[in-house]
Amino acid sequence: MSTQIALPDGSTKQYDDGVTPARVAEDISAGLARAAVAAEVDGALCDLTAPLAEGRHELRLLTDRDGDAALEVLRHTAAHVLAQAVVRLYGEGVQYTIGPALIDDFQYGFYYDFDLPRSISADDLAAIEGEMRRIVGEKIPLDRVELPPDEAKAEMRRRGQHYKIEMIDDLVAEAGAAPPTVSLYRQGDFVDMCRGPHLPHTGKLGKAFKLVTAAGAYWRGDERNKMLTRIYGVAFFSKADLDAHVERIEQARQRDHRVLGRQLGLFLIDEQVGPGLPLWLPKGTIIRMELETWLRGELLRRGYQPVITPHIGKTDLFRTSGHYPYYEHGLFPTMQLGEDDGDGYLLKPMNCPFHMRIYKSAQHSYRELPIRYSEFGTVYRLEQSGELNGLVRVRGFTQDDAHILCTHEQIEQEVASCVELTKLVLSTLGLDDYRVRVGLRDPDSSKYTGPEKNWDLAETNLRNVVRRFEMDYTEEPGEAAFYGPKIDFVVTDALGREWQLGTIQVDYNLPERFDLTYTGPDNAPHRPVMIHRAPLGAPERFIGILIEHFAGAFPLWLAPVQVAVLPVSDKFADYGADVARRLRDAGFRAELDDSPEKIGAKIRRATMDKVPYMAVVGGREAEQGTVAVRERTDGDRGPIALDAFVEALAAERDSKGRTRPLAGADGTDATTEGAEISKQEGL
RNA sequence: GCCGACCUAGCUCAACGGUAGAGCACAGCUUUCGUAAAGCUGAGGUUCUGGGUUCGAAUCCCAGGGUCGGCUCCA
């Protein structure tokens, strides 16, 4: 009776039965034993203390160098230590539910959800963290016990852990006929149900952890359930890693679009105007105007027909579209004009019903299709108050909307063209860190409308397109709109939270509801299909993300102020005014700083405003008709003739930053403090 | 909407039951200056709103509004 252990270096060790990975680690070296957090036996993770069965096994020891897999074990144990601390401090009334490790989350490393008899304050967090440190000091072993479900339930019942009993019942139900065993981890006086693996004892958690915040979270993520208390924390293998994490969060807060939006004077959300109703300040308006102007040009080139529709429409219009009463909870309340007003009017939550009426205002032939109506239409949705967030979640926003009416055969080509446009928008701005989500219907839900065969067809169309573009994408059931599947372009903000930008949606429903038709070659009426699409999604959200992406340092073509003209003293203000006028005549947004400040102060101000170029002018420049160019981050670039400066600026502006004659060494790239600005890609 | 925290000058913050303050920004004056902050002076407050406790409230309590972090939602 013996156990053979094959190690990654190719060697094999021989043991009696019941040997544990921890024991093997000790045999190899004391250092390895110290560093090990878990083991991988024949490809499966397990505890260091798990006895190995008779026979031959491949063993790999997981240490702090093994990245996410090791971190996950550490953080998972941290969650258990947190739970033990909470139970110790708040006693029998505490029920603990789930406490996973978080690996991909930008802000947090683990959490645990509790049903507590009272709420948690900042002082409590400090006390809990103190208790956790005590538990770490006690080096309590985590012992795994496998029990039949009934015994595990009995254990949890003794401890008053009713959520755990529910979870065991679910496990049994999932497992079907053969009842599994349930693994419990005993950690001193604390017992939790858990898959594992875990650190062998609490001392291994070390000191590099802290609790961050407490928040509410519904049991099982369902708002009909009780709200639990979630405590978030972070944990690392070393203090240095923890410090680096804290520093990263701090950096991220600096590029938060709400912070930069105020600092740079881009937008304002004013309490008296109303929550989620942004005011665009002059500088922010420039950015938005440039983006929109550019996009309008691209749309015209692609055969879109611009239309303009009102902000309100009769409630009946939205009954026909089906949005009312389906989305009534998300609408601003109906406007009633008088007694005989019937249904009243609604502030529009979307543009499509209006575009449907435009289509319907004339007869259409198959020869006209596809018809593409585009509109930057501002819509209003009563988003839940707790959801509002700067520019990225608002109640009044604009969709760079269009509705394409086409035949079934044209869908793929049209969707492909929308994908191409969306990718152009993203790549032009260097936003290449996005993911593509194909939102499909949830087979278990009844919220979807329309015949199954249309859904199947539309889902196939979308799949074909994303494959044709060879895009990485994930299919996500349940993420479809109620009327059809969609392709979403999803990005993350500075704090790692995901937001949907561009979207392309196939809709068989609305043409049906509005009874849209076209005359086919057979001289008979046919039903067109509709595509909703918005490459930016909404300029509000898009620019919010863009502010964070550029850390406020916009490329020349978008920069609210493109050139700051800085006379070294008042004496040269006249020449400065000339330069500024010349630049404005050439179509640039140039500002003269004729304040009585020293040149250093003017440079500092322009730098903090993240103006791309400064033109410093003094006696030498006035005499020779030059400007001393200073680039936002590269600094002083020396004198250049004004004409040449204008020409170089135009080249950079018109190429949207792909050509940068005035930039540093390689002429194509610029970085900003703390910002990782991706290279502008070709189209 | 739910859980929790927060709200003081335009902004960032201090004062934590006893006369509301600083830095930046703003205004005036002096300086006329060569690549990231010249100096002096000044103005600026319903301490989010309303109610309560107290001799006295920015500070304690209650309600409302707003913001932030989560959860839920997202056409």
Side-chain angles (χ1 to χ4, degrees), chain A residues 105 107-108 111 113 116 119-122 124-125 212-232 253 256 258-259 262-263 265 268-276 318 321-324 326-327 329-331 348-353 379 381-390 393 399 401 447 479-484 486 488 495 497 499-500 503 505 507 509-510 532 534 566-573 596-608 614-621 628-633 635-639 673:
Chain A
D105 195 277
Q107 295 192 77
Y108 308 118
Y111 67 81
D113 284 351
L116 294 174
S119 65
I120 288 285
S121 69
D124 290 316
L125 279 189
V212 182
T213 188
Y218 299 106
W219 166 236
R220 293 184 185 284
D222 189 328
E223 67 179 331
R224 288 166 301 191
N225 290 339
K226 184 165 185 187
M227 178 150 283
L228 307 173
T229 302
R230 173 172 297 180
I231 299 176
Y232 280 100
R253 298 217 164 105
D256 186 314
R258 294 163 298 192
V259 173
R262 187 182 301 117
Q263 273 171 17
L268 177 70
I269 293 179
D270 181 78
E271 194 171 322
Q272 196 172 12
V273 173
F318 298 97
S321 72
H323 293 107
Y324 189 91
Y326 186 86
Y327 282 114
H329 63 278
L331 300 176
K348 71 173 168 184
M350 71 288 298
N351 303 301
C352 27
V379 299
R381 299 177 182 178
L382 195 61
E383 303 288 2
Q384 296 184 47
S385 57
E387 278 303 336
L388 300 177
N389 182 302
R393 192 75 187 265
Q399 296 176 312
D401 212 354
K447 78 170 192 179
E479 289 297 318
F482 77 93
Y483 48 72
K486 54 180 185 160
D488 291 330
L495 287 174
R497 298 170 296 196
W499 301 98
Q500 175 200 306
T503 183
Q505 314 178 349
D507 186 354
N509 177 50
L510 225 45
H532 311 243
L566 312 179
V568 297
S569 84
D570 281 358
K571 281 192 229 157
F572 311 107
E597 292 289 347
K598 302 214 291 191
I599 189 64
K602 293 183 184 183
I603 287 169
R604 179 180 153 80
R605 189 184 311 184
T607 306
M608 297 215 303
M614 289 163 242
V616 176
V617 294
R620 296 195 290 275
E621 288 76 17
V629 174
R630 191 183 162 95
E631 204 267 346
R632 176 164 51 195
T633 53
D636 191 358
R637 306 208 62 76
E673 72 270 31

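Residue numbers start from 1 in every chain, and the chains themselves are labelled A, B, ... in the order their sequence lines are given, proteins ahead of strands.
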Heavy atoms only, 4.0 Å cut-off, all strands: where does [X] land among base, sugar-phosphate and nothing?
X	answer
A:Tyr483	sugar-phosphate
A:Arg630	base
A:Gly390	sugar-phosphate
A:Gly619	base
A:Ala628	base
A:Tyr326	nothing

Base of B:rC73 paired with side chain of A:Arg393 (donor-acceptor, under 3.5 Å)
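Yes, a donor-acceptor pair under 3.5 Å.
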May I ask you to say whether A:Asp113 pairs ionically with A:Arg230, meaning some side-chain N is under 4.0 Å from a carboxylate O?
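A:Arg230 and A:Asp113: salt-bridged.
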Looking at A:Arg224 and A:Asp222, does any basic side-chain N land under 4.0 Å from a carboxylate oxygen?
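Yes, this pair counts.
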Between A:Asn389 and B:rG69, is there a contact of a side-chain N or O with OP1 or OP2 at under 4.0 Å?
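Checking B:rG69 against A:Asn389, a side-chain N or O does come within under 4.0 Å of OP1 or OP2.
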When you measure from the side-chain N and O atoms of A:Lys602 to the phosphate of B:rA36, is any distance below 4.0 Å, counting only OP1 and OP2?
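Answer no for this pair, as no side-chain N or O of A:Lys602 is under 4.0 Å from OP1 or OP2.
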Has A:Tyr232 got its ring stacked on B:rG70, by the test of a centre gap below 5.5 Å and a plane angle below 30°?
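Check failed, A:Tyr232 does not stack on base of B:rG70.
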At under 4.0 Å between heavy atoms, which parts of nucleotides 24-30 of chain B does protein reach? Answer with one letter per nucleotide, 5' to 3': B base, S sugar-phosphate only, - none.
-------
Between [X] ([atom1]) and [N] ([atom2]), how many Å, whole number?
X	N	atom1	atom2	value
A:Gln263	B:rU12	CD	C1'	10 Å
A:Gln500	B:rA75	CD	C1'	10 Å
A:Lys571	B:rU31	NZ	P	13 Å
A:Phe572	B:rU32	CZ	C1'	9 Å
A:Arg604	B:rA36	CZ	C1'	6 Å
A:Lys348	B:rA75	NZ	P	18 Å
A:Asp570	B:rG34	CG	P	13 Å
A:Arg497	B:rG69	CZ	C1'	8 Å

Report the stems of RNA chain B as range-with-range entries sorted by first number; a stem here is at least three consecutive pairs, Watson-Crick or G-U wobble, both distances under 3.5 Å, and write none if there are none.
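Stems found: B:1-7 with B:65-71, B:10-13 with B:21-24, B:26-30 with B:38-42, B:48-52 with B:60-64.
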Only counting residues at least two apart or in another chain, list the ones meeting salt bridge (charged side-chain N to carboxylate O under 4.0 Å, His left out) with A:Asp270.
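Listed in chain order: nothing, the list is empty.
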According to salt bridge (charged side-chain N to carboxylate O under 4.0 Å, His left out), who are the partners of A:Lys226, at least two apart in sequence or on a separate chain?
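Only A:Asp115 meet the salt bridge (charged side-chain N to carboxylate O under 4.0 Å, His left out) criterion with A:Lys226.
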Taking side-chain hydrogen bond (donor to acceptor under 3.5 Å, both in side chains) as the test, write out the residues that go with [X], two or more places apart.
X	value
A:Gln107	none
A:Tyr324	A:Glu328
A:Asp507	A:His532
A:Tyr327	none

Mind running side chain to side chain contact (heavy atoms under 4.5 Å, CB included) on A:Val568 and A:Val616 for me, showing each step along the way?
CA-CA 7 Å; A:Val568 297; A:Val616 176; 3.7 Å; yes
Which residue pairs satisfy the salt bridge (Lys or Arg N to Asp or Glu O under 4.0 Å) criterion with at least one member in residues 597-608 of chain A, sequence neighbours excluded?
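Passing the test, one end in residues 597-608 of chain A: no pairs.
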When you compare the protein's N or O atoms with those of nucleotides 2-11 of chain B, which come within less than 3.5 Å of each other, and at what distance?
from: B:rC3; atom 1: O2; to: A:Gly216; atom 2: N; distance (Å): 3.1

Looking at residues at least two apart in the chain, or sitting in another chain, which of them share a ring pair (Phe, Tyr, Trp, His ring centres under 6.0 Å) with A:Trp219?
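Testing A:Trp219 for ring pair (Phe, Tyr, Trp, His ring centres under 6.0 Å), a comparison that skips the adjacent residues, returns A:Tyr163.
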For A:Phe572, what residues pass the ring pair (Phe, Tyr, Trp, His ring centres under 6.0 Å) criterion, not counting sequence neighbours?
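Partners of A:Phe572 under the ring pair (Phe, Tyr, Trp, His ring centres under 6.0 Å) test: none.
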